[in-house]
Amino acid sequence: AATSAPAAGREAAIRLTPGAPPASPALVAELETLDRRLFDAVFGCDIPALAALVAEDVEFLHDKGGLTAGAREFVAPIPEGCARQASGEN
């Protein structure tokens with residue numbers, strides 16, 4: 001069955017396992033907090049904070065760069081991106 005996007009002003013349910021009941025409000029709040037911390041660390045170029053947030057076996061799928069597997073591989077290119085951002089190149 002096809003699913004549609006949530007109506008304007010409404011959030012989509014978070015389902016961690018297909019067919020599972022929706023996540024609890026507490027879990028959703030925790031995920032939102034951790035998500036914000038992760039992106040703040042990446043875009044704020046806070047490499048120590050980023051490294052502390054990702055597990056050794058992290059897998060990240062980027063729409064342009066594809067799959068990155070492992071914490072070291074995930075964190076390693078961030079300083080270069082920060083330098084490009086600081087120089088105005090990026």
Side-chain angles (χ1 to χ4, degrees):
T3 60
S4 61
R10 297 190 56 202
E11 295 181 8
I14 295 175
R15 297 188 188 275
L16 301 178
T17 302
S24 71
L27 179 58
V28 171
E30 183 176 357
L31 291 171
E32 289 172 346
T33 297
L34 291 171
D35 184 69
R36 173 59 36 216
R37 286 176 53 200
L38 179 76
F39 281 92
D40 284 350
V42 169
F43 294 116
C45 298
D46 188 345
I47 306 309
L50 177 62
L53 286 168
V54 296
E56 287 300 318
D57 62 349
V58 66
E59 292 184 346
F60 181 77
L61 184 59
H62 192 280
D63 60 335
K64 294 180 183 176
L67 179 66
T68 299
R72 184 172 301 159
E73 291 77 8
F74 178 74
V75 174
I78 303 299
E80 181 181 321
C82 291
R84 285 194 315 268
Q85 183 179 17
S87 73
E89 179 185 337
N90 188 14

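One-based numbering along the sequence shown.
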Any residue meeting side-chain contact (heavy atoms from CB on, under 4.5 Å) with A83, in chain and number order, not counting sequence neighbours: none

Sequence-distant partners of F39, side-chain contact (heavy atoms from CB on, under 4.5 Å), two or more places apart: D35, R36, F43

Sorted by first residue and then second, give each salt bridge (Lys or Arg N to Asp or Glu O under 4.0 Å) pair with at least one member in residues 81-90; sequence neighbours left out. E80-R84

Residue pairs passing the salt bridge (Lys or Arg N to Asp or Glu O under 4.0 Å) test where at least one lies in residues 42-54, sequence neighbours excluded: none

Restricting to pairs with a member in residues 21-30, which pass side chain to side chain donor-acceptor pair (under 3.5 Å), not counting sequence neighbours? none

Find the distance between SG (C45) and CG (D40) and round it off to the nearest 0.5 Å. 11.5 Å

What donor-acceptor contacts under 3.5 angstrom involve side-chain atoms of residues 51-77, with partners at least two apart or in another chain?
{"residue": "H62", "atom": "ND1", "partner": "K64", "partner atom": "N", "Å": "2.8"}
{"residue": "H62", "atom": "ND1", "partner": "G65", "partner atom": "N", "Å": "3.3"}

